[in-house]
Amino acid sequence: MAELTQQNKWAPLQASDADREKIWSKSRTFAGDVWFRFRHKPTAIAGFVIIAVLILFSILGPLFTPYDYAVQNLEMVNIPPIMKVYVGPSGEYLYITQSLRIITVGKDGKVGSQLTRVREETDKSMTIFESNGKEVALYYGGSPYVVADESTGNIYPTKTLWNTSYLLGTDALGRDILTRLMYGTRISLVVAFVAALVNMIIGILYGGVSGYVGGMVDTVMMRIVDIISTIPLTLYVILIMQVMGDGIQSIIVALGSVYWVDMARVVRGQVLSLKQQEFVLAAKTIGSSPKTILLQHLIPNAMGSILVTLTMLIPSAIFMEAFLGYLGIGLQPPLASLGTMCNDASANLRTSPHELFIPALMICAIMFAFNFVGDGLRDALDPKLKK
Amino acid sequence: MVKFILKRLGMMLIAMFMIILFTFIIMHAVPGGPFTNTKGVPEEVIAAMEEKFGLDQPYYVQFFSYLKGILHGDFGPSYKYTGQTVNEFISSGAPVSARLGGVTVIFVLIAAIPMGIWAALKNGKWQDMLLMALATIGVTIPSFVIASLLIYAFSYKLNWLPTYGLDSWQSYILPVVALGGYSISYLARLMRSSLLEVMGQDYIRTARAKGLTEFAVVTRHALRNALIPVITVLGPTIAGLLTGSFVVEKIFAIPGLGYYFVNSVSQRDYTTIMGVTIFYAAFLMAMVLLVDVFYCMIDPRIKFES
């Protein structure tokens with residue numbers, strides 16, 4: 001106690017001017033700040049990683065697959081990823097296709113070729129095939145169909161195998177689902193990104209001009225936006241698709257020309273508040289043109305809200321694209337998007353559920369990933385918005 | 001109040017006019033006329049058919065006669081089904097959609113609002129986490145995926161429920177869940193965040209301080225204000241549900257408005273596409289207006305001028 005009282009705690013410490021001005025911690029840039037907040041959200045990082053993996057999958061995947069997305073193989077129709085095979089008389093694996101043919105399957109799960117049909121035994125409900133010089137019978141009188149010995153009627157033992165030739169099976173036209181999934185993901189992502197980008201550009205220009213010019217122009221432009229937002233836009237996307245015909249460009253134009261209204265509102269709001277600030281006055285004083293002020297000063301400052309709106313636009317574009325594809329509007333076959341893959345598979349839902357659920361799972365994964373990244377980015381860019 | 005409604009009605013009329021004009025332009029921009037693909041018919045017959053439907057007139061004459069028809073509630077004949085009118089499609093499709101939609105609206109309200117309230121009251125606990133995880137799944141999964149999953153599980157595997165039509169009470173279950181899934185999740189999330197915000201207000205503390213039970217605080221004080229944002233989005237939601245969903249009606253083969261729309265799109269039956277679009281848009285806008293008026297009536301803080 002005595003020591004403490006002796007020290008005058010109110011006496012100023014020694015400090016030079018240089019020390020006083022020194023910033024001890026490293027200053028963070030805006031981007032660094034955003035990244036700092038973003039990476040502390042595990043869901044956002046997970047979403048980010050999923051998107052990166054999916055982009056790689058859709059771009060590089062086709063290099064590693066031996067199949068083409070368009071080539072049909074009608075011998076290998078509707079084969080599931082996990083096959084139930086019968087062990088034939090000489091130990092070979094036999095798989096019954098939905099068109100009542102038998103395919104040989106290797107021990108490693110590789111799909112071989114169709115067996116040759118010997119004869120039909122209609123009275124016994126059997127088709128006789130030749131396998132390794134011996135005869136096997138496909139009995140189709142009951143459900144499920146079985147492979148049996150013709151004379152004794154003994155059903156061969158069964159085994160469950162992973163399909164290693166077609167990892168995710170084949171569709172109703174014998175095309176490899178994994179390959180089509182890669183192309184489908186690619187098309188869905190391209191449509192979503194480009195459509196969102198087109199929306200962003202239209203929205204920024206429209207909202208920027210409306211907010212910056214102000215007055216009567218602003219009132220008229222915003223009334224138009226109000227009217228557009230009362231129109232059910234899904235119908236318009238479908239109508240525009242009718243005029244433009246099928247194809248990727250049409251989808252992008254249809255989605256891109258319709259969903260910019262929110263973006264325009266956000267940008268206008270930002271520009272309205274930003275244009276009152278001193279830096280705009282300074283820019284005007286040095287004689288910058290309105291175009292320079294808008295594009296170089298106002299828009300970059302509004303980028304935070306623009307990015308947040310953009311990350312919400314991408315999943316809704318994916319949603320719309322899948323929706324259109326599912327209704328059979330959009331792409332010309334054999335091109336596939338995730339929505340058209342689901343549409344093609346919906347007829348075979350009962351017998352081959354994998355054909356629908358695999359692309360559906362992919363759509364859900366993409367939607368989750370973008371929603372997580374969007375939420376994370378919103379919190380990171382604008383902590384004030386966080387609830 | 002009257003001024004506000006009149007102003008909104010005026011906006012609505014302008015929007016309706018633009019919708020009709022836009023739909024008309026789009027449908028006439030489609031390459032080829034409705035009779036282009038009619039094979040084996042002489043030129044004169046096609047010309048006579050075009051004359052009958054007024055297609056030989058200049059576009060503006062066609063537009064105004066179409067507009068006149070709509071004002072009289074007449075959407076014209078179907079191009080693809082001879083002898084059928086678009087009005088017949090709408091009057092047979094709309095009640096079916098409305099029946100399915102009505103049941104879905106009730107289901108959504110019964111499910112979403114208690115879900116949101118419960119999640120907000122259990123804020124941060126596992127019940128909240130579970131409900132909000134479910135709600136996140138609900139808003140991210142497209143309705144056709146939900147519908148396919150339900151059909152596969154309950155119709156094909158378990159064989160409990162029918163896969164198509166709207167004939168018995170069982171046949172309502174799957175379409176209602178598939179149609180309402182998104183709205184339930186969305187409204188539950190909204191309800192939760194809105195109630196959480198209200199629960200942090202000063203007047204809630206006052207209500208607690210004067211010794212009210214938690215139940216009274218929530219139901220009498222918090223809920224009234226917390227429901228306002230929910231009511232705002234209820235308008236478009238109800239309108240969307242009542243007019244049916246294209247996808248759900250297609251999957252379950254329910255002959256509602258959406259089913260006719262999808263059908264007419266794939267058949268390129270242009271008058272039906274136009275008629276259904278305009279009907280749908282008008283219904284949606286009327287519904288939104290109705291909810292806005294209701295909204296202003298229950299919340300005195302909202303000024304009618306804004």
Side-chain angles (χ1 to χ4, degrees), chain A residues 43 47 223-224 226-236 238-245 254 315-316 318-329 338-339 342-343 345-346 349-357 359-372 374-375 387, chain B residues 8 11-12 14-19 22-23 25-31 136-137 139-149 151-153 155-157 163 182 193 196-197 236 239-240 243 245-247 250-251 258 261-262 265-266 268 270 273-274 276-278 280-281 283-285 288-289:
Chain A
T43 51
R223 279 294 152 274
I224 294 175
D226 284 346
I227 289 173
I228 292 176
S229 63
T230 56
I231 298 173
L233 295 175
T234 319
L235 295 171
Y236 274 87
I238 296 176
L239 290 187
I240 294 170
M241 293 296 301
Q242 289 292 298
V243 183
M244 308 258 311
S316 61
I318 289 174
F319 211 87
M320 266 314 289
E321 193 279 326
F323 174 81
L324 287 177
Y326 191 76
L327 289 179
I329 304 165
L338 298 173
C342 289
N343 183 31
S346 59
L349 178 61
R350 187 189 286 267
T351 47
S352 316
H354 69 277
E355 290 172 21
L356 195 148
F357 291 127
L361 206 68
M362 188 58 114
I363 296 174
C364 298
I366 296 178
M367 293 291 298
F368 271 117
F370 274 106
N371 273 304
F372 285 153
D375 283 350
K387 286 230 172 109
Chain B
R8 289 294 306 268
M11 278 270 295
M12 229 179 99
I14 299 174
M16 256 344 275
F17 180 78
M18 281 183 52
I19 286 173
F22 196 53
T23 322
I25 292 172
I26 286 185
M27 284 296 109
H28 283 77
V30 179
T136 310
I137 292 173
V139 290
T140 45
I141 298 184
S143 58
F144 65 83
V145 177
I146 300 180
S148 310
L149 264 174
I151 289 186
Y152 187 71
S155 303
Y156 292 161
K157 286 286 143 187
T163 57
Y182 179 85
S193 60
L196 275 182
E197 205 180 306
T243 41
S245 134
F246 313 128
V247 166
K250 184 194 171 200
I251 294 177
F261 185 76
V262 173
V265 164
S266 58
R268 306 202 163 238
Y270 297 128
I273 300 179
M274 284 166 75
V276 175
T277 306
I278 292 165
Y280 187 92
F283 189 82
L284 193 78
M285 290 201 295
V288 173
L289 176 69

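Proteins come first, then strands; the chains are lettered A, B, ... in the order of their sequence lines, and each starts at number 1.
Taking CZ of A:Phe357 as the reference point, atom CG of B:Leu149 lies at 4.0 Å (rounded to 0.5 Å). Summarising the geometry, atom OG1 belonging to B:Thr136 is positioned 8.0 Å from atom CG belonging to A:Asn371; distances are rounded to the nearest 0.5 Å.
Remark: A:Ser352 engages A:Asn78, A:Gln98, A:Asn348, A:His354, A:Glu355 in a side chain to side chain contact (heavy atoms under 4.5 Å, CB included) (not counting sequence neighbours).
What you find for B:Thr140 and A:Phe319 is that their closest heavy atoms are O-CE1, 3.9 Å. Of all the heavy atoms in B:Ile26 and A:Leu239, the pair that sits closest is CG2-O, 3.6 Å. When all heavy atoms are compared, the tightest approach of B:Phe144 to A:Ile363 is CZ-CD1, 3.9 Å.
With a 4.5 Å cut-off on side-chain heavy atoms, A:Leu356 and B:Tyr152 do not count as touching.
In terms of heavy-atom pairs under 4.5 angstrom with chain A, the leader among B:Val139, B:Ile151, B:Ile137, B:Leu196 is B:Ile137. For the set A:Pro353, A:Ala322, A:Ala360, A:Pro315, the entry with the most heavy-atom pairs within less than 4.5 Å of chain B is A:Pro353.
With a 4.5 Å cut-off on non-hydrogen atoms, A:Ile329 touches chain B through its side chain but not through its backbone. Of the two parts of A:Leu327, the backbone and the side chain both hold a non-hydrogen atom closer than 4.5 Å to a non-hydrogen atom of chain B. Contact of B:Val276 with chain A is not made at all, since no heavy-atom distance falls under 4.5 Å.
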